[in-house]
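Data first, discussion second: the structure below is written as structure tokens.
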Amino acid sequence: MNRRLQGIGMTSRRTRERMIGRIRELGVKNQSVLDVMLETPRHIFVEEAFASRAYEDMPLPIGFSQTISQPYIVARMTELLLESGPRDKVLEVGTGSGYQTAVLARLCKKVYSVERIYPLQQRARRCLQDLHLRNVLMKHSDGGWGWEDYAPYDGILVTCAPADLPQALLEQLAPGGVLVIPVGDGRNQMLQRIVRTDSGYEIEDIEPVVFVPLLGGVA
Ligand code: SAH
């Protein structure tokens, strides 16, 4: 068995159960999201030095000044994305470690994920392969422009914060589609949910959050 997968034993499951309990306490109710997070080994997505802390409810460094998102935030954003029904075709901006990607892949038919830092993308790709998740397509690119080739999407989830809502992402949302995105500068960010209606967009503020910034270009 792959060495990084060996930790998926009793210990990890027990610590994962604790993590899920905490996420539930914080108000996440969607049982499918909680079930998938219980089954997804977060420790393979973090650097080995942090593996023992992988089930604490906090972001952790993944290199290149980036972080794997806090588990509560992953759960909350996924719940918001799925609240008005399942999403078949989802675009993710900011693959990072690939953990959120794995959660989405187990809940949606097809996931398109864009990351601007090539080594992170490669590492995430290996993790998803280890978990035999084959319904994910990845692109090394600036996701602020979305991924036009496969648009429109019935869900878009962004895990880095632009200062303003990117026009391209709004345009690549199908009617009835849902965009979950942190928007704002520095530490002054708001998680928003945007629904595309027949006549325009409905924007709802969810809660203050702290994400790494959405940066232009590739690295
Ligand atoms: N969901 C990821 C979050 C990683 S942090 C996880 O839990 O691991 C956010 C990621 O967004 C970083 O990997 C960063 O490189 C990426 N990012 C920032 N700006 C981007 C852009 N314009 N296009 C694509 N990815 C971007």
Side-chain angles (χ1 to χ4, degrees), residues 19 23 33 36-37 40-47 50-51 53-81 90-108 111-128 130-131 133 136-151 153 155-170 172 179-187 189 191 209-219:
M19 178 184 87
I23 293 171
V33 173
V36 161
M37 287 182 66
T40 305
R42 187 169 183 257
H43 65 274
I44 73 164
F45 293 91
V46 304
E47 287 173 356
F50 293 102
R53 303 180 64 187
Y55 300 104
E56 294 174 22
D57 188 31
M58 53 161 65
L60 291 168
I62 54 172
F64 306 91
S65 310
Q66 306 303 317
T67 50
I68 181 172
S69 303
Q70 178 192 356
Y72 160 70
I73 283 292
V74 171
R76 184 79 181 111
M77 289 178 82
T78 312
E79 178 175 68
L80 287 165
L81 190 79
V90 170
L91 172 68
E92 178 190 39
V93 176
T95 316
S97 66
Y99 175 70
Q100 169 81 73
T101 323
V103 171
L104 288 173
R106 287 173 154 166
L107 290 160
C108 309
V111 180
Y112 301 84
S113 189
V114 184
E115 171 56 55
R116 66 179 287 279
I117 299 178
Y118 188 68
L120 281 181
Q121 186 201 31
Q122 291 303 97
R123 193 176 182 285
R125 193 189 291 282
R126 280 195 301 276
C127 290
L128 296 174
D130 287 348
L131 296 178
L133 295 170
V136 179
L137 221 54
M138 290 187 167
K139 188 185 184 189
H140 177 227
S141 166
D142 176 354
W145 301 100
W147 190 347
E148 201 160 11
D149 299 359
Y150 296 98
Y153 302 95
I156 302 180
L157 194 149
V158 183
T159 67
C160 42
D164 302 296
L165 274 175
Q167 192 60 32
L169 298 184
L170 292 172
Q172 290 175 25
L179 166 62
V180 180
I181 182 169
V183 181
D185 273 326
R187 299 183 79 82
Q189 300 169 10
L191 184 63
V209 285
V210 181
F211 277 84
V212 296
L214 184 145
L215 300 174
V218 293

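Keep in mind that the numbers below use all heavy atoms, side chains included, and drop hydrogens, waters and symmetry copies. Read the numbers this way: they start at 1 and go in the same order the structure lists the ligands and their atoms.
- Of all atoms in ligand 1, numbered sequentially from 1 with element shown, those under 4.0 Å from a heavy atom of V212 are 5 (S), 9 (C).
- Put simply, part of S141 is less than 4.0 Å from ligand 1, judged by heavy atoms.
- You'll find the side chain of V209 stays beyond 4.5 Å of the side chain of R76, heavy atoms only.
- Counting heavy atoms from C-beta on, the side chains of L131 and I44 come closer than 4.5 Å.
- Note: D142 CG to E115 CD = 10.5 Å, rounded to the nearest 0.5 Å.
- Below 4.0 Å from some heavy atom of C160 lie the following atoms of ligand 1, by number and element: 11 (O), 17 (N), 18 (C), 19 (N), 20 (C), 26 (C).
- Of the heavy atoms in T67, only backbone atoms (N, CA, C, O) come closer than 4.0 Å to ligand 1.
- In this structure, P213 has a heavy atom closer than 4.0 Å to ligand 1.
- Scanning the protein for heavy atoms near atom 7 (O) of ligand 1, the closest one is S69 N, 2.9 Å.
- For the pair R116 (side chain) and G217 (backbone), a donor-acceptor distance under 3.5 Å is present.
- Note: an N/O pair closer than 3.5 Å links L215 and ligand 1 by distance alone.
- Of the protein's non-hydrogen atoms, R116 N, 3.4 Å is the one closest to atom 25 (N) of ligand 1.
- Looking at T95 against ligand 1, only its backbone comes within 4.0 Å, counting heavy atoms.
- Residue Q100 has at least one heavy-atom neighbour below 4.0 Å for each of these atoms of ligand 1: 1 (N).
- Under a 3.5 Å cut-off, the side chain of E92 and the backbone N or O of L157 do not form any donor-acceptor pair.
- At a heavy-atom cutoff of 4.0 Å, ligand 1 is contacted by both the backbone and the side chain of I68.
- The closest side-chain heavy-atom distance from Y55 to P71 is not below 4.5 Å.
- Taken from CD1 in I117 to CD in Q122, the straight-line distance is 13.0 Å, to the nearest 0.5 Å.
- Under 3.5 Å, the side chains of T78 and Q100 contain a donor-acceptor pair of N or O atoms.
- Considering backbone and side-chain atoms together, Y99 places no N or O closer than 3.5 Å to any N or O of ligand 1.
- For ligand 1, one of its N or O atoms has an N or O atom of G143 under 3.5 Å away.
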